[in-house]
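Notes for the one structure printed next.
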Amino acid sequence: MKTASRFFLAVIGFSVLMPTFAEQDPTITTIKARQGEMNIRAHNLGPLIAMAKGDMPYDAQLATQLAANLKFLLDLDTSRFWPPGTDSNSYPENSKALPEIWTTYPEIGKYAEKHDKAVIELDAVAGESLEALRAKIGAVGDSCKGCHDEYAKEH
Ligand code: HEC
């Protein structure tokens, strides 16, 4: 009985969810996925910047973890997140990704490389000391801003 009602609930849950998935434009799901990844970056970077600025106490363990999370994201294959035709002109309500990403491709790769390098250098030392964190965090922030200035609408 218990199993049966669980199954029944699962079926109801599924039928409630399915139409939502089916009606969602798959392109918007893709845009949300890449924005989600960006938000995870920001969520990890925020406390690191706060520590560097002295807005929160330096915590070596947390700094290590957050920098490792940023580095972990470098391994995520995001190639399917950026299909042509998903720029801010085509999806003005949903995306801030400027068409230049695609029209000047692979130029944006240079900005991604700068970001990768800065994150790898930060990850190597973030847990050592506040001074070490401060020495490397700027380049990470600059790498985010550098790409946004060029390829993302103001936000
Ligand atoms: C190589 C380019 C590039 C780099 C590097 C980059 N971003 Fe982004 N970011 C973008 C683009 C393009 C968008 C717009 C995406 C869209 O709206 O479709 C964006 C959007 C965002 C958003 C808004 C997401 C939303 O919900 O609309 C946040 C937050 C963000 N980035 C944070 C970061 C942080 C933090 C870093 C650095 C740790 C970073 N980004 C590095 C290109 C980049």
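For the numbers below, each heavy atom of this structure counts, side chains included, while hydrogens, waters and symmetry mates do not. Each ligand, and each atom within it, is numbered from 1 in the order the structure gives. We count residues from 1, following the sequence as given.
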Go through the steps for Asn39 and Gln35 under the test side-chain hydrogen bond (donor to acceptor under 3.5 Å, both in side chains), then give the verdict. CA-CA 6 Å; Asn39 284 310; Gln35 290 170 338; over 6 Å; no

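- On a distance-only criterion, Lys96 and ligand 1 share at least one N/O pair closer than 3.5 Å.
- Residues Thr30 and Arg80 fail the side-chain proximity criterion, which asks for heavy atoms closer than 4.5 Å.
- Per-residue contacts place Tyr151 under 4.0 angstrom from the following atoms of ligand 1 (heavy atoms of the residue considered): 12 (C).
- With contacts defined as side-chain heavy-atom distances shorter than 4.5 Å, the pair Leu66/His43 does not qualify.
- Where the criterion is an N or O separation shorter than 3.5 Å, residue side chain and backbone included, Asn39 meets it with respect to ligand 1.
- The contact set between ligand 1 and Ala97, taken as ligand atoms under 4.0 Å from a residue heavy atom, comprises 14 (C), 16 (C), 17 (O), 18 (O).
- Shown in contact with Ser95 at under 4.0 Å from a heavy atom are these atoms of ligand 1, numbered in order with element: 16 (C), 17 (O), 18 (O).
- Scanning all heavy atoms of the two residues, the minimum distance from Met56 to Pro47 falls at SD-O, 3.9 Å.
- Distances between N or O atoms of His148 and those of ligand 1 include at least one value under 3.5 Å.
- The proximity of His115 to ligand 1, defined as any non-hydrogen pair under 4.0 Å, is limited to the side chain.
- The shortest distance between side-chain heavy atoms of Ile101 and Asp87 does not fall below 4.5 Å.
- Contact between Trp82 and ligand 1 is present, with at least one heavy atom of the residue lying under 4.0 Å from the ligand.
- The option with the heavy atom closest to atom 5 (C) of ligand 1, from among Gly46, Ala152, Ser143, is Ser143.
- When heavy-atom distances to ligand 1 are checked against a 4.0 Å cut-off, Lys114 has no atom that comes that close, whether in backbone or side chain.
- Residue nearest to atom 12 (C) of ligand 1, selected from Leu70, Leu73, Ile101, Asn94: Ile101 (by heavy-atom distance).
- Shown here for Ala126 and Ala67, the closest heavy-atom pair between the two residues is CB-CB, 3.7 Å.
- Residue contacts with ligand 1, taken as heavy atom pairs separated by less than 4.0 Å, do not involve Ser88 at all.
- Neither the backbone nor the side chain of Lys153 has a heavy atom within less than 4.0 Å of ligand 1.
- If you number the atoms of ligand 1 from 1 as listed, the ones under 4.0 Å from a heavy atom of Ala112 come out as 1 (C).
- Listed by number with element, the atoms of ligand 1 under 4.0 Å from a non-hydrogen atom of Arg34 are 16 (C), 18 (O).
- Neither the backbone nor the side chain of Tyr91 comes within 4.0 Å of ligand 1, counting heavy atoms alone.
- When only interatomic distances are considered, the shortest N/O to N/O separation between Gln35 and ligand 1 falls below 3.5 Å.
- For the pair Arg41/His115, a side-chain contact is recorded, criterion being any heavy-atom separation below 4.5 Å from C-beta on.
- Residues Ile28 and Thr86 form no side-chain contact, since every pair of their non-hydrogen atoms from C-beta on lies 4.5 Å or further apart.
- Two residues are said to be in side-chain contact when any heavy atoms from C-beta on lie closer than 4.5 Å; Phe81 and Ile31 fail this criterion.
- Using bins of under 30°, 30° to 60° and over 60° for the plane-to-plane angle, the ring pair Trp82/Trp102 lands in the tilted bin.
- Annotation for ligand 1: atoms under 4.0 Å from non-hydrogen atoms of Cys147 are 1 (C), 2 (C), 3 (C), 4 (C), 5 (C), 42 (C), 43 (C).
- Leu70 is listed as a side-chain neighbour of Leu45, based on a closest heavy-atom distance under 4.5 Å.
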